[in-house]
Colleague: 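I have a structure I would like to understand better, so I am pasting it below and will then ask my questions one at a time.
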Amino acid sequence: MRGLTTLKRSLGDPIPSGSVIDIKLAADSDHPFTVELATDGAGRLTICPYRGELAAALLVYCRQVRIPIPVNARKSVDVKNGRVVLRIEID
């Protein structure tokens, strides 16, 4: 969520503050990660990023916590064993 929040804010589409109610993972979907929030404004919001957006959010998070990622590597997102996985492949 931290990477996704930072990414959305940088794109001019900030996520309202709130609490996570539910997270769903779907390995065979274009939207592998869905999160439902209870916003501080007493509403609900569902966020369903595409695989590319989720990969970008994970890369932003890696940058925030100083995990080095090779620039020229292929990057993709998978769901394995109930977890979101950022796959990095180097030729």
Colleague: Short question: side chain of R51, backbone of S29 - any donor-acceptor pair under 3.5 Å?
Modeller: yes
Colleague: Grab the two heavy atoms, one from P32 and one from P49, that are nearest each other, plus how far apart they are.
Modeller: CD-O, 3.9 Å
Colleague: If you look at every heavy atom in D40 and G18, which pair is closest and at what distance?
Modeller: OD1-CA, 3.5 Å
Colleague: Rounded to the nearest 0.5 Å, how far does CG of L37 lie from OG1 of T46?
Modeller: 8.0 Å
Colleague: Rounded at 0.5 Å granularity, tell me how far CD1 in I23 sits from CE in M1.
Modeller: 7.5 Å
Colleague: Quick one: do I21 and I15 end up in the same hydrophobic cluster if we chain Ile, Leu, Val, Met, Phe, Trp and Tyr together by side-chain heavy atoms under 4.5 Å apart?
Modeller: no
Colleague: Give me the one residue out of I47, V60, L54 that meets side-chain contact (heavy atoms from CB on, under 4.5 Å) with L4.
Modeller: I47
Colleague: For residues 67-83, run the donor-acceptor check on the side chains, cut-off 3.5 Å, and write out each pair with its distance to 0.1 Å, sequence neighbours left out.
Modeller:
unit_1: R74; atom_1: NH1; unit_2: D91; atom_2: OD1; d: 2.8
unit_1: R74; atom_1: NH1; unit_2: D91; atom_2: OD2; d: 3.2
unit_1: R74; atom_1: NH2; unit_2: E89; atom_2: OE1; d: 3.3
unit_1: K75; atom_1: NZ; unit_2: P70; atom_2: O; d: 3.1
unit_1: K75; atom_1: NZ; unit_2: V71; atom_2: O; d: 3.0
unit_1: K75; atom_1: NZ; unit_2: A73; atom_2: O; d: 2.9
unit_1: D78; atom_1: OD2; unit_2: R87; atom_2: NE; d: 3.0
unit_1: D78; atom_1: OD2; unit_2: R87; atom_2: NH2; d: 2.5

Colleague: Between CG of L7 and OH of Y61, what distance do you get to the nearest 0.5 Å?
Modeller: 15.0 Å
Colleague: Say you draw a straight line from CD1 of I88 to CG of L59; how long is it, rounded to the nearest 0.5 Å?
Modeller: 7.0 Å
Colleague: What distance separates Q64 CD from T5 OG1, expressed to the nearest 0.5 Å?
Modeller: 9.0 Å
Colleague: Does E36 pair with K24 as a salt bridge, N-O distance under 4.0 Å?
Modeller: no
Colleague: Side-chain heavy atoms under 4.5 angstrom apart, residues restricted to Ile, Leu, Val, Met, Phe, Trp, Tyr: same cluster for V65 and V84?
Modeller: yes
